[in-house]
Amino acid sequence: KKHKDKEKLKHSDGGSDKHREKHKEKDKDKEKRRDEKVCSWLSLCSSPSIKSEPEEDNGFYPSPQNNKSSKRECEYKPKKVKAEHDKKAKKRKHEYEEDEDEEHKKKTKDKKVADGKKAKKEEEEKWKWWEEERSTDGSKWRFLEHKGPVFAPPYEPLPGKVKFYYDGKPMKLSAPAEEVATFFAKMLDHEYTTKDIFRKNFFKDWRKEMTSEEKSTITDLNKCNFSEMSEYFKAQSEARKQMSKEEKQKIKEENERLLQEYGFCIMDNHKERIGNFRIEPPGLFRGRGDHPKMGMLKRRIRPEDIIINCSKDSKHPKPPPGTKWKEVRHDNKVTWLASWTENIQGSIKYIMLNPSSRIKGEKDWQKYETARRLKKCVDRIRSQYRDDWKSKEMRIRQRAVALYFIDKLALRAGNEKEEGETADTVGCCSLRVEHIKLYPKMDEQEYVVEFDFLGKDSIRYYNKIPVEKRVFKNLQLFLENKQPEDDLFDRLNTSILNKHLQELMDGLTAKVFRTYNASITLQQQLKELSCSDDSVPAKILSYNRANRAVAILCNHQRAPPKTFEKSMQNLQTKIDEKQNQLSAARKQLKAAKADHKASHDEKSKKAVEVKRKAVQRIEEQLMKLQVQATDREENKQIALGTSKLNYLDPRISVAWCKKYGVPIEKIYNKTQREKFAWAIDMAEKDYEF
DNA sequence: CTTATCACTTAGAATCTGATAT
DNA sequence: ATATCAGATTCTAAGTGATAAG
């Protein structure tokens, strides 16, 4: 039997030992707690009755054909998309068709115009990419033109009066050393700067920027006094807040100009919004969790570091005067417009399009279609992995148990990571012995597994869950003769797992289970919680609760907002006020009624009605506030955004809104509506995931 | 097979903005 | 008019997974 031997030397780094006691308490309060999860959803998601749909996959796997410019009309996919809800998504300013692009507005343009005639004026302005055919040859675009990225503003030296002190004595720093010092000064209030690794990394990199004199003088970070610099920046930001309206307006306009100039590109005849057109400014690296590289200097990116990607026949972006790009290439197999290599991890960073763009939207749509295909065969896959728990091969058993966790608990795949390069976090395949505990009996339950590990972003996953006996026995087997730091699944990695999944279903990978289980959970929860008779706020509470169930499943946590207690209190004050108002209004109503009883005239009758209305209105307002309070309380440590944006098929939400008469704006804000325009346009009230 | 590289999605925190309260 | 706060937006780190290279 082969044994995988990945060294686990992480605790042998002698350098940091002496400082360990210092972090202890800090680390502790960083730990995030989470409530126990309810995992009852599993049994609910295996409905075998899949409504037969008119071959949804067609859109994604069109028959191969020549899609070079010659025959654009043929590629048009006559999808039966109704147009009547277009009024919903009115002003999407930036999705206009591009007119300036002379050489390239050929067939598509003509077709568009012809198409548009049927629709109303405003509708022909937004491009419904989802009604068009997708390219089949793996190319991501045919034409791409942009102006390149916006660079970080150059360093502005501090005014002479702002001093840095070393060992109590003022010291004028060279510009490069001063710049790096300001990065530290700006973070002085942050807990980061007290951490030893951070300080060590910072000091090491800072010294690299110093002149040799500075280097020989400044040898101890503890003797450095940045407080004047820190005060200066605080004053600056205060001054910025105090600026007059005109000045603020000016800055706003400048930003808008930059956005208009650099924030858009032209891709295949359409003007599309760029996601991140600004290059990341230099600064100190802030990792998440216990990151070995925190505090390192993130260097300034120059034009010479940037690779530009665009069409050969486009107007190439110009580098700033006196500089050159690293390279200009024309690769239409990728979606990025510019890239550079970052110096902390040596990874590549990209400039890409906004989520509202065709290129992102298509991919997103496709992701949900893959998840829906999983829905059709998930029963088969589940029964297979259950069978595999009995396999005589260890690797198959491990694979099957891991897959069970991924499916049941929505764990991430868990790729291996390079040790010492990143914080020590794990996913399913990289779980170690130390991350689980087995309890043959716990309280009323049998075969309980306790998970406790740090996942992506060093967010803690803590969960106790009863599993089937067979899983439990397998886990005991996997744990035999292992040290805490050994891999739980020593015969498995994400590559093996995904290869297996690929055989079970085309396009299936571990992360599809997260998408699938998230979306199906939302759909079920909505079904369960929604009530047509509820008021709109109550319906929204139900929606948020369904969303919350998903966020809990996916372990999307957040640090409770700093102002949480306060904001709860504020809300409670409002509720109390409203309650007083209500009783006052009720009293008035009573009085009016009595008055009416006595006089029986028209005027008093009217007064009763008026008061009745008032009471009703206040009741409604009170209800709304109470619902809001409940919602907020339940949301204290749970982040809904991530699942809403990345895991929940937006068509489920759109359909729900239509079915229950909830305006889509109550569920998705403007940005979200732009991202999900395709779903808002195509989903009907009977849409089923 | 293992490892490295690349491209892309997913993630929570930080910061900004504009509506509402004072 | 100004302060406050919540929601929107921006930022960029940290994952996944395909594929190339060794």
Side-chain angles (χ1 to χ4, degrees), chain A residues 2 4 6 32 138 140 187 190 192 237 240-242 244-245 248 251-252 255 259 275-281 283 285-289 291 293-294 298 307 309 331 333-336 339 341-342 344-355 359-360 363-364 367 412-418 421-423 425-430 454-459 493-499 501-502 507-512 514-515 518 551 554-559 561-564 566-567 570-571 573-574 628 632 637-647 668-672 674:
Chain A
K2 163 198 101 161
K4 217 159 68 178
K6 292 185 228 152
K32 305 193 175 163
K140 306 291 171 70
M187 296 177 79
H190 204 290
Y192 273 119
S237 78
R240 224 170 306 130
K241 263 190 264 173
Q242 299 300 323
S244 70
K245 244 193 274 158
K248 279 184 181 165
I251 290 171
K252 207 177 150 192
N255 277 331
L259 173 68
N276 55 327
F277 57 92
R278 282 170 213 271
I279 301 272
E280 296 172 19
F285 176 79
R286 312 146 86 117
R288 310 250 168 106
H291 197 116
K293 300 197 169 186
M294 63 170 78
K298 215 171 82 159
I307 302 173
N309 192 33
D331 182 357
K333 299 280 185 279
V334 297
T335 67
W336 51 269
S339 72
T341 301
E342 152 268 352
I344 304 288
Q345 323 267 356
S347 66
I348 309 170
K349 301 253 180 159
Y350 302 93
I351 292 199
M352 291 187 190
L353 296 193
N354 194 68
I359 213 152
K360 294 289 183 191
K363 201 77 187 298
D364 205 37
K367 173 181 75 188
R412 295 188 184 82
N415 281 319
E416 291 110 305
K417 309 166 68 186
E418 209 178 328
E421 296 291 301
T422 59
T425 62
V426 297
C428 185
C429 293
S430 50
L454 297 181
K456 183 178 179 179
D457 293 319
S458 294
I459 297 289
N493 61 37
T494 53
S495 171
I496 295 168
L497 178 64
N498 281 333
K499 227 158 260 156
L501 292 175
Q502 191 60 240
L508 187 62
T509 62
K511 86 187 190 86
V512 177
R514 254 168 98 83
T515 311
C554 293
N555 200 37
H556 291 142
Q557 300 189 41
R558 61 168 183 182
K562 284 192 181 65
T563 54
F564 185 83
K566 183 121 176 264
S567 101
N570 287 346
L571 202 52
T573 315
K574 276 192 195 170
Q628 202 184 352
R632 193 176 296 176
Q637 289 174 281
I638 299 171
L640 299 188
T642 301
S643 50
K644 203 175 192 175
L645 237 45
N646 300 300
Y647 288 102
Y668 291 136
N669 68 27
K670 180 166 143 286
T671 312
Q672 297 170 155
E674 283 168 3

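Quick note on labels: first sequence line is chain A, next is B, and so on, each numbered from 1.
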**Prompt:** When every nucleotide of nucleotides 14-21 of chain C is labelled 5' to 3' by its protein contacts under 4.0 Å (heavy atoms), B for base, S for sugar-phosphate only, - for none, what sequence of letters results?
**Reply:** BSBBS---

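Using a 4.0 Å heavy-atom criterion, one finds that A/Lys248 contacts no nucleic acid atom at all. As judged by a 4.0 angstrom heavy-atom cut-off over every strand, A/Pro281 is placed among residues touching the sugar-phosphate backbone only.
Neither OP1 nor OP2 of B/dA7 sits under 4.0 Å from any side-chain N or O of A/Lys349. Regarding contacts with the backbone of B/dG12, a side-chain N or O of A/Thr642 is found under 4.0 angstrom from either OP1 or OP2. Distances shorter than 4.0 Å separate none of the side-chain N or O atoms of A/Lys333 from OP1 or OP2 on B/dA7. Taking side-chain N and O atoms only, A/His556 has no distance below 4.0 Å to OP1 or OP2 of B/dT10. The side chain of A/Tyr647 places an N or O atom within less than 4.0 Å of a non-bridging phosphate oxygen (OP1 or OP2) of B/dA11.
Between the CD1 atom of A/Ile459 and the C1' atom of B/dA11 there is a distance of 8 Å, rounded to whole Å. The nearest whole Å value for the distance from the NZ atom in A/Lys293 to the C1' atom in C/dA13 is 13 Å. The distance from atom CG of A/Asn555 to atom C1' of B/dA11 is 12 Å, rounded to the nearest whole Å. Taking atom NZ of residue A/Lys367 and atom P of nucleotide B/dA7, one finds them 21 Å apart after rounding to whole Å. Rounded to whole Å, the distance from CE on A/Met294 to P on C/dA13 is 13 Å. Atom NZ of A/Lys140 and atom C1' of B/dA7 are 8 Å apart (whole Å). A straight line from CE of A/Met352 to C1' of C/dC11 spans 15 Å, rounded to a whole angstrom. Computed from coordinates, the A/Asn276 CG to C/dC11 C1' distance equals 9 Å when rounded to whole Å.
Each of A/Lys363 and A/Ile348 has a nearest nucleotide on DNA chain B; the 5'-most of these lies closest to A/Ile348.
Between A/Asn255 and A/Ile251 there is a side-chain heavy-atom pair separated by less than 4.5 Å. Counting heavy atoms from C-beta outward, A/Glu416 and A/Asn493 have side chains that approach closer than 4.5 Å. When side chains are defined from C-beta on, A/Ser430 does not count as touching A/Lys417, because their heavy atoms never get closer than 4.5 Å. The shortest side-chain heavy-atom distance between A/Arg286 and A/His190 falls under the 4.5 Å cut-off.
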With 3.5 Å as the limit, what N/O pairs link the protein to nucleotides 16-22 of chain B?
{"unit_1": "B/dG18", "atom_1": "OP1", "unit_2": "A/Lys252", "atom_2": "NZ", "d": "3.2"}

Close N/O contacts between protein and nucleotides 4-7 of chain C (under 3.5 Å):
{"unit_1": "C/dC5", "atom_1": "OP1", "unit_2": "A/Lys566", "atom_2": "NZ", "d": "2.5"}
{"unit_1": "C/dC5", "atom_1": "OP2", "unit_2": "A/Lys566", "atom_2": "NZ", "d": "3.3"}
{"unit_1": "C/dA6", "atom_1": "OP1", "unit_2": "A/Ser567", "atom_2": "OG", "d": "3.3"}

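The salt bridge (Lys or Arg N to Asp or Glu O under 4.0 Å) search around A/Lys644 returns none, not counting sequence neighbours. By the salt bridge (Lys or Arg N to Asp or Glu O under 4.0 Å) test, A/Lys456 is found to be paired with no residue, residues two or more places apart in sequence or in another chain being considered. Under the side-chain contact (heavy atoms from CB on, under 4.5 Å) criterion, A/Thr341 pairs with A/Ile348, not counting sequence neighbours.
Using modelled atom types and a 3.5 Å distance limit, the side chains of A/Asn498 and A/Thr509 yield no donor-acceptor pair.
A salt bridge links A/Glu280 with A/Lys298: at least one charged nitrogen is closer than 4.0 Å to a carboxylate oxygen.
The aromatic rings of A/His291 and A/Phe285 sit perpendicular to each other, their planes meeting at more than 60°, with 30° as the lower class boundary.
In this structure a side-chain-to-backbone donor-acceptor pair under 3.5 Å is missing from A/Asn415 to A/Thr494. Judged by distance alone, with hydrogens and angles left aside, the side-chain atoms of A/Asp364 form no donor-acceptor pair with the main-chain N or O of A/Lys360 at under 3.5 Å.
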